[in-house]
Amino acid sequence: MNKGRPPEPLDFFIWTVEDVGLWLEEINLGSYRQVFEENGVNGEYLESLSMFTTEQILRFIRRCHMKWGDFITLCKELRRIKVACLKGEQAVRRPWWAPACLSVVFVKVAKRNRQSRVVSLKLEP
């Protein structure tokens, strides 16, 4: 990811800890950025939140010193991203590191990869 540029929304499952921090700033939860970085919260971890038990959720909230309202906001924003993914509302952008001559190939492969990831999102409640 480019420094300071918000991460690609539909690729949240491959976000780094830094990407998650940028996203937290974007959704007005930037006060948790440092705590999330200290706890190594990355995109894969965020994706797994929907499968957490109540005990795991409470442990996460305590560890990150989150307010309930902020946790609910976090979950709503994650849900919004997943819904956008299911509806295909987000455009696929060529990553900064890929050569321009491979743009068309990259976009096709990325769309196929996202479609396969969407199957697992549809199974979640």
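All figures in this text were calculated on a predicted structure; none of them were measured in a lab.
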*Asks:* To the nearest 0.5 Å, how far apart are CD in Gln56 and CZ in Arg63?
*Replies:* 9.5 Å
*Asks:* Is there a donor-acceptor pair closer than 3.5 Å between any side-chain N or O of Asn42 and the backbone N or O of Glu44?
*Replies:*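 Looks like yes, one N/O pair under 3.5 Å.
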*Asks:* With rounding to the nearest 0.5 angstrom, report the CZ to CD1 distance, Arg59 to Ile61.
*Replies:*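 Rounded to the nearest 0.5 Å, the CZ-CD1 separation comes to 12.0 Å.
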*Asks:* Examine Leu29 and Leu78 and state if one hydrophobic cluster contains both, with Ile, Leu, Val, Met, Phe, Trp and Tyr joined whenever side-chain heavy atoms are less than 4.5 Å apart.
*Replies:* yes
*Asks:* List the atom pairs, donor and acceptor, that lie under 3.5 Å between side-chain atoms in residues 67-77 and the rest of the protein, sequence neighbours left out.
*Replies:*
| unit_1 | atom_1 | unit_2 | atom_2 | d |
| --- | --- | --- | --- | --- |
| Asp70 | OD2 | Tyr32 | OH | 2.5 |
| Thr73 | OG1 | Gly69 | O | 3.0 |
| Glu77 | OE1 | Arg80 | NE | 2.9 |
| Glu77 | OE1 | Arg80 | NH2 | 2.9 |

*Asks:* Can you tell me if Gln34 has over 12 outside heavy atoms packed within less than 6.0 Å of its CD?
*Replies:* no
*Asks:* If you take all heavy atoms of Asn39 and Cys64, which pair is closest and at what distance?
*Replies:*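 Heavy-atom minimum between the residues: ND2-SG, 4.2 Å.
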*Asks:* Show the nearest heavy-atom pair for residues Phe52 and Ile57, with the distance to one decimal.
*Replies:*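 Closest pair (atom of Phe52, atom of Ile57, distance): CB-CG1, 3.6 Å.
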*Asks:* Among Leu22, Val20, Val41, which residue meets the side-chain contact (heavy atoms from CB on, under 4.5 Å) test with Arg33?
*Replies:*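 Considering Leu22, Val20, Val41, a side-chain contact (heavy atoms from CB on, under 4.5 Å) with Arg33 is found only for Leu22.
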*Asks:* Give, for atom CG of Asp19 and atom CG of Leu46, the distance between the pair rounded to the nearest 0.5 Å.
*Replies:* 10.5 Å
*Asks:* Less than 4.5 Å apart, side chain to side chain, heavy atoms only: is that true for Phe60 and Tyr45?
*Replies:* yes
*Asks:* Please say yes or no: joined through hydrophobic side-chain contacts below 4.5 Å, possibly via intermediate residues, are Phe36 and Leu58 part of one cluster?
*Replies:* yes
